[in-house]
Amino acid sequence: MELRIDSAAVHRCRAMAQAVVAPVEEFIAAHSTVAVERSVLRLLGVDGVGPDEIPLPNYIVDSLPIEQRPHGIALPFGRALAQTGLDPAALAVAIGEGRHTLAEFDDVPSEAARGALAPFVAAAMHRIAERRAERDERLSRIPQLEPPLLYVIVASGNIYEDRTAAVAAVEAGAQIIAVIRSTGQSLLDFVPYGPTTEGFGGTYATQANFTIMRTALDEISERSGRYVMLTNYASGLCMPEIASMAALERLDMLLNDSMYGILFRDINMKRTFIDQHFSRMLNACSGIIINTGEDNYLTTADAVEQAPAVLASQFINEEFAHRAGMPDAQIGLGDAYEITPDLQDGFLYQVAQAQLTRQIFPDAPLKYMPPTKHMTGDIFKGHLIDALFNLTSVMTKQTIHLCGMLTEAIHTPFLGDRALAIDNAQYIMNTARHFGDEIEFKAGGRIETRAADVLSQCEALLARVTEMGLMRAIETGVFADVKRPADGGRGFDGVFARSDTYFNPFESALRQAAGLEAVR
Amino acid sequence: MELRIDSAAVHRCRAMAQAVVAPVEEFIAAHSTVAVERSVLRLLGVDGVGPDEIPLPNYIVDSLPIEQRPHGIALPFGRALAQTGLDPAALAVAIGEGRHTLAEFDDVPSEAARGALAPFVAAAMHRIAERRAERDERLSRIPQLEPPLLYVIVASGNIYEDRTAAVAAVEAGAQIIAVIRSTGQSLLDFVPYGPTTEGFGGTYATQANFTIMRTALDEISERSGRYVMLTNYASGLCMPEIASMAALERLDMLLNDSMYGILFRDINMKRTFIDQHFSRMLNACSGIIINTGEDNYLTTADAVEQAPAVLASQFINEEFAHRAGMPDAQIGLGDAYEITPDLQDGFLYQVAQAQLTRQIFPDAPLKYMPPTKHMTGDIFKGHLIDALFNLTSVMTKQTIHLCGMLTEAIHTPFLGDRALAIDNAQYIMNTARHFGDEIEFKAGGRIETRAADVLSQCEALLARVTEMGLMRAIETGVFADVKRPADGGRGFDGVFARSDTYFNPFESALRQAAGLEAVR
Amino acid sequence: MSDQIVKPYGDTMNDGRVQMSFTLPISWSEAADEAARQLVAKMGFEEVQVVEGRAIASGFSFFVVYASTPHGIDAAAIKAPSAKAHAMSMDDVDAFVRERIGRKVRVAGACIGTDAHTVGIDAILNMKGYKGDYGLERYGMFETMNLGSQIAVEEFVRIARDRELDALLASQVVTQKGSDIKNFTALAELLEAEGLREKVVLICGGPRVTNLMASELGYDAGFGRGTLPSEVAAFIATSMEKRGLR
Amino acid sequence: MSDQIVKPYGDTMNDGRVQMSFTLPISWSEAADEAARQLVAKMGFEEVQVVEGRAIASGFSFFVVYASTPHGIDAAAIKAPSAKAHAMSMDDVDAFVRERIGRKVRVAGACIGTDAHTVGIDAILNMKGYKGDYGLERYGMFETMNLGSQIAVEEFVRIARDRELDALLASQVVTQKGSDIKNFTALAELLEAEGLREKVVLICGGPRVTNLMASELGYDAGFGRGTLPSEVAAFIATSMEKRGLR
Ligand code: B12
Ligand code: B12
Ligand SMILES: Cc1ncc(COP(=O)(O)O)c(C=O)c1O
Ligand SMILES: Cc1ncc(COP(=O)(O)O)c(C=O)c1O
């Protein structure tokens, strides 16, 4: 089942995405953010909270005088390490308790600092590699079933109820569990600490919660003989920190988009571009598959109209990911089944879009999101829309398949809803398993024409973006009709230009691990 | 979306079906049944009940001495008409009340009898033509929507509740209403009389009930601007009588199969063959579309295995229908979506079968029955199986589409179930309206291979039947693994050989109307 | 509330969440939604949410509701033993009968009353069986009769006497207007009246049958949806042995 | 039972049939089906049929049940007038405002509290509108502000005072833990406290909002799922006229 598509147009789109992203990467290379710096500390081993429950990575980065930020946190922290002989965790506690300040060690030579950091950097890189190897070992011993991989969310707000729900879902057949975050966590400029039981529409992403869920899933993986993947969100103001926590806790996937925060969360674009880059280098190295957020174009605006924007965003996300050293096999580009159920031949459009994405990104583990916007209180109708989504997914060989819930318009999923959703997907994907292999599209018919239209409109859109530059394009509302000023939005105050002596030991280590050129 | 099928094999199957049916037709031409004779009376205008609530057609046919049966009821009744000068209705009442007996008029010459019958025969034929013209007029004024035509059943047992349910279903979008008959009516050797409010799993088929429903549907047809068709059952021991009532009450469709009663109701095969022939001549003339019962092979045995039997039966039903003067446009051959939902690629098999039928019988208004056997108390799963059935139907351009009920395994449909079922069909058939037009089957793939297998196994089956003869084949259990002796089963005592002077004025009239050769 | 008491579970223990749908014979309007809400509250539910309400025909509206029930049930205290307790294969059952009964067991099955749904009882009796589990006709130590459909209870009891049956298998699929209960009861009572009840294993089955209901009707066992032939065979054999029917 | 009382309708008037589904935190067995049956009976239903019961995870079972409720409701007596009573087109509304109010109406809409679901309020406000019905921004006689998402009620009230708003449109889509009610109530109370309540048309909306609930919370109107912009515009205009807000 192949669409005849204009491969020259695809080629031109990719080239334009490169042209769009290249100048942004230059910008990124010259800047850093507080979140990147906190992430450096976390990777070194800093964790826990200090005064007023402030996470120590925040406390320490914030303790750095603003004029010193441009050099990065690593050198000042390294100086303290060298001088105190403490390990990073102990040093952080000491700083949190006021027993030391970074300023004390200003005179320690950089070389000593680098030397003191080196073993901890190596240890972190080793730990990441170990966790990755552990995933590989488990996956080869207890492999997942064939894709589409059934993915469900848990979102009770309480990590222990979530655990119950996750285990039940795995028993029913889920292969990927995502713990939805509490509303608003993406706008917090810190990562909460410890196990949590009170979230709102979701459960806080904390390292303790990651551990609790990872442990439960490893246990049920062994029992069920299939590796179950764990997903969370490296989105919002703490992208790199969550990416580092996820690396250490062996999460397998992270929601991570190069523009989602800008467009849909009003996070400053510079902050986002810098943060996504560092987080993606980490994800690349940890073997974590990212999930991009193109589905959001479709839920907030008309899905038929937004299809070209989705494709354009996929090209851009792909390019950003490549530049962070990420191979195609880790780039879970997003798409969604969001065309109104009332549209005649809407199913044909969905098939066209899903197949187009499949062919343009043949090696990407595509993430296919279920119908949400047009789901209503009519759970019976909703279950049917989900069924055609499931059919489209198996026909077009999507990889990561978010199971749609018949109660999508009503509440975050009940345990029983998840079971029905998985039943739905399993029934459809089994009874129509090879349907996609057994049909061809009529040349020049409605499906091919739609795919061709989407591609050519995407090309036009990318041409506009190339001309303006990405930042300017976002400023003028090219994406999702949302306009965001380059220096507006949340988290802009956490962005800073690097000095000549800026140092981030993990940047070099990660670039090296990914086979990327060194910066500058 | 066309299957490459072996058209020579199709040709051979049709030729075999002719060879199978020809000798049966000879047998039919030499026999009649009490039901055919009662039907003659009904067409002449006899109705109502006599002593002990016995319907007058039964009372009069049964009053004929057994040795006179071979000549048919028409001449004796005609003699009485000639002599008494009464019209058929009045004469029947007089006989019922014992004021006359047929024996009184034995001496009246046949010619006078024929003469007395002639105007009533002409009136009946005129009435049938008129009702047919009325349907044509309405259909051209308020046409139905494009097929698949949504068909739902009502089955409360009470004709007035059925009427409420039918009107509600039409408002929801149904285009065809079938009133399911009460359990066991097919085994009654008479047709109940008057409006009825107590049925069991269905509502009695009576002429009064036909009128009540026809009136209600005509009214809602006008209000909704689309002609709504009415369906009942010319099956069982009263096939021809129901066909005549249906002609007079302008029903639009009738369940009517050449073998269903034999196999699934243990009705004598000779009785069935004779009855189906006369009833089909009537249906042909009334413009009534028949619905055959091949779906029953699939509900009583394994659906994957029975597919060739379904196709063989379709060829045989087609041939019987042609020999009754029925054009393809009135031959609603049956099929059903009954493969177990657990079978991998079951959907592909269903598509193969539905499309095969569509291509082999391109002008037949195919009747596609929903999943029933594998429906369970899990209404959510059931709704999904119905959805794929709906998709298969619209893809393969079925004509008469019985809406599947999510509560199939639980109860005869609730009003709300019917609304959900129609929603399901409308949603799927709109969102995937032209999907079938936009795809092709992969040459030699799973779908084509399955279709080819079914066709070749059907050919083998028909070859066996041709060799043995149809009656012998049924005796040995070739169809549906059911064995029925030629002279066993219900209603055999109502079969008789025609004498040389056998006369049935409608037979000639109907044959003439259909452009068939006269008998003998 | 004792911790044995369980309530419906939405996403949190004891939240009591239940999904409902129904039709009301009224035209749709916002007031109809409110009527549905009040009706469900009257049924005793709390936190009633009418999540869907719409006209499905003139004078009829359809509703989907989520609500919490305050009721719970002590599930652990419920006694409803299954007739499927003894898991034995065909060979096990045959061996068991050979050793413990010492002769072939005579079994007959039928759809009683006006019921013509033979697929279920056929699944238990026919050679071919059900879901890969062979039917009783295939058992070496069973002599199996399939009487087919629409068998009057009088007829069934007559056959039981004439053929000296060891086990009677009665099937009912149609449940409308309580016809299944009526027919099952009539069979049990007639066997009793004829003095045959003690001599046979009396079993009923059908999609709405439960073992509990069967015992309330005076049957030895009842088998519901998804029954496999071997489960029935095992029950017959072990129960004959237990009751000393040799 | 008065003939105004209606009960759920399966296939016969007053049969009371209702479909239900729920999960119980118990392992599946035949006894679990029986537990489900008894639980539904305890809820006050009759003729309870557990038509599906199965394990969906270890320690959890899912059930589908049909049952009859003995309860009915006097639907005709329910008072829940719709805020959508006045059907007017955009042009009608503009003409009405021009004639009866004589000046532009100042309207602002927001997702209040932490709610970020702007699609619904955007559907009412944005030019483009909803289902072919233009949004308030397109109305000649409306001056419309869209404050967007996550607007604190204090902020909304401040804007109401500063901009001399005639109508406030508050949206709440997230309803978990009663957050919608909390936020709506806070807005109404703060307006009251600031002495602004009498000067404005106060409207709420969202998929779970009903007009009845709105009036209970002290709002002038509430709009639920499927609301069209013109329905809201018509309400604002006629209600200002009725209340003499000129
Ligand atoms: C196939 C079928 C038919 C076929 C039956 C063919 C045949 N030879 O059996 C035909 C088309 C003839 C038919 C006719 C009718 N049917 Co019907 N039919 C069905 C259908 C689709 C499937 C039943 C089936 O075969 N299930 C598969 C078998 C394997 O499952 P099972 O019966 O549950 O059996 C298992 C267990 O229950 C158990 N079991 C069963 N019996 C026994 C006995 C013993 C002793 C034991 C140990 C175990 C056991 O073991 C089996 C294997 O696990 C059901 C709907 C459904 N999906 O359930 C409707 C259904 C049963 N039919 C129904 C009705 C109303 C009718 C008619 C009255 C319709 C009409 N007006 O014409 C007639 C009545 C005929 C009659 N006199 O009984 C209704 C019954 C409603 C109710 N609850 O009362 C149903 C539910 C459909 C509906 N929604 O309306 N039907
Ligand atoms: C799109 C969407 C999102 C988008 C929102 C984008 C945006 N800019 O709005 C995104 C992805 C960001 C999102 C995020 C979240 N969402 Co959300 N989301 C939805 C979804 C799929 C559709 C909502 C929608 O747009 N409907 C279409 C509009 C047109 O309908 P409407 O809102 O009902 O509006 C109509 C009427 O109600 C009325 N109306 C509405 N407001 C007003 C106001 C006035 C004054 C008037 C007159 C009329 C009116 O008019 C409109 C037109 O008719 C729903 C599920 C669903 N299908 O409903 C979940 C849903 C609402 N979300 C939910 C949740 C839990 C969340 C999150 C908490 C998840 C998380 N943990 O991340 C976050 C919370 C974000 C936040 N702070 O609020 C839950 C809410 C559960 C509940 N009942 O409380 C839902 C039901 C999904 C689910 N089952 O879990 N979501
Ligand atoms: C890329 C991405 N990140 C995050 C989220 C979750 O939302 P929030 O921003 O509240 O974390 C989404 C949801 O769609 C998403 O697509
Ligand atoms: C041809 C035909 N006639 C009649 C019926 C209905 O059954 P009964 O024989 O009880 O009228 C069916 C049902 O499937 C059928 O296919």
Side-chain angles (χ1 to χ4, degrees), chain A residues 155-157 164-174 182-187 198-202 220 223-224 264-266 296 298-302 305 340 342 372-380 406-423 481-482 490, chain D residues 19-28 36 52-65 111 113-123 126-132 146-152 172-180 182-183 206-210 224-226:
Chain A
S156 72
T164 303
V167 170
V170 172
E171 288 183 339
S182 179
T183 308
Q185 177 168 2
S186 56
L187 305 184
E198 285 260 302
F200 194 75
I220 184 77
R223 263 205 288 140
S224 62
F264 302 105
R265 285 289 173 268
D266 196 11
N296 295 284
L298 305 173
T299 50
T300 47
D302 183 80
E305 285 169 19
T340 168
D342 296 340
T372 63
K373 189 166 68 165
H374 296 287
M375 299 292 279
T376 67
D378 184 350
I379 55 174
F380 300 100
L406 77 176
T407 51
E408 170 60 34
I410 305 168
H411 46 233
T412 49
F414 284 178
L415 194 132
D417 300 340
R418 246 180 251 107
L420 294 181
I422 292 171
D423 275 358
D481 289 334
V482 174
R490 311 184 210 236
Chain D
Q19 172 271 328
M20 262 191 249
S21 73
F22 52 84
T23 301
L24 287 179
I26 56 179
S27 300
W28 189 82
E52 170 81 358
R54 68 187 146 95
I56 50 171
S58 41
F60 289 97
S61 302
F62 180 75
F63 303 92
V64 179
V65 176
C111 274
T114 59
D115 208 317
H117 290 89
T118 51
V119 176
I121 185 77
D122 285 348
N126 284 2
M127 285 279 176
K128 200 169 139 192
Y130 191 59
K131 303 215 163 162
N146 188 340
L147 308 178
S149 72
Q150 306 196 317
I151 299 300
Q172 289 282 266
V173 173
V174 174
T175 58
Q176 272 169 338
K177 301 181 186 160
S179 61
D180 51 337
K182 244 174 285 170
N183 291 326
R208 288 289 100 72
V209 169
T210 66
R225 47 192 153 80

Item checked: Portion of I422(A) that has a non-hydrogen atom of chain D nearer than 4.5 angstrom -> neither

Next item on the list: Measure distances from A168(A) to the heavy atoms of chain D and classify the residue's part below 4.5 Å as side chain, backbone, both or neither.
Entry: both

Next item on the list: Flag the pair F414(A) / T23(D) as yes when at least one side-chain heavy-atom distance between them is below 4.5 Å, and no otherwise.
Entry: no

Checklist line | Distance-minimising heavy-atom pair for V119(D) and T300(A) | finding: CG2-CA, 4.0 Å

Check: Which atom pair, heavy atoms only, marks the closest approach of L420(A) to R54(D)?
Finding: CD2-NH2, 3.9 Å

Checklist line | Gap between atom CG of D417(A) and atom OG of S21(D) - 0.5 Å precision | finding: 8.0 Å

Item checked: Under 4.5 Å from a heavy atom of chain A, the part of V173(D) involved -> neither

Checklist line | Atom group of A169(A) that falls short of 4.5 Å from chain D, counting heavy atoms | finding: neither

Note to self: Rounded to the nearest 0.5 Å, what separates atom NZ in K128(D) from atom CG in D302(A)?
What the structure shows: 6.0 Å

Notebook entry, point to check: Heavy-atom distance under 4.5 Å between the side chains of F62(D) and L415(A), does that happen here?
Noted result: no

Next item on the list: Would you mind checking which part of R225(D) comes under 4.5 Å of any heavy atom in chain A, side chain (CB onward), backbone (N, CA, C, O), both or neither?
Entry: neither

Notebook entry, point to check: Is the number of heavy atoms from other residues, nucleotides or ligands within 6.0 Å of NZ (K177(D)) greater than 12?
Noted result: yes

Notebook entry, point to check: Looking only at heavy atoms, what is the nearest atom pair of Q19(D) and F380(A), with distance?
Noted result: OE1-CZ, 3.9 Å

Next item on the list: Please determine, among V170(A), T376(A), T412(A), V167(A), the option with the most heavy-atom pairs under 4.5 Å with chain D.
Entry: T412(A)

Notebook entry, point to check: Which bit of T340(A) comes within less than 4.5 Å of chain D, counting heavy atoms only: side chain, backbone, both or neither?
Noted result: neither

Checklist line | Side-chain heavy atoms of Q150(D) within contact of L187(A), under 4.5 Å | finding: yes

Checklist line | Whether Q176(D) side chain and H411(A) backbone form a donor-acceptor pair below 3.5 Å | finding: no

Next item on the list: To the nearest 0.5 Å, tell me how far S149(D) OG sits from D266(A) CG.
Entry: 8.5 Å

Check: What's the shortest heavy-atom distance between A172(A) and I56(D), and which atoms?
Finding: CB-O, 3.9 Å

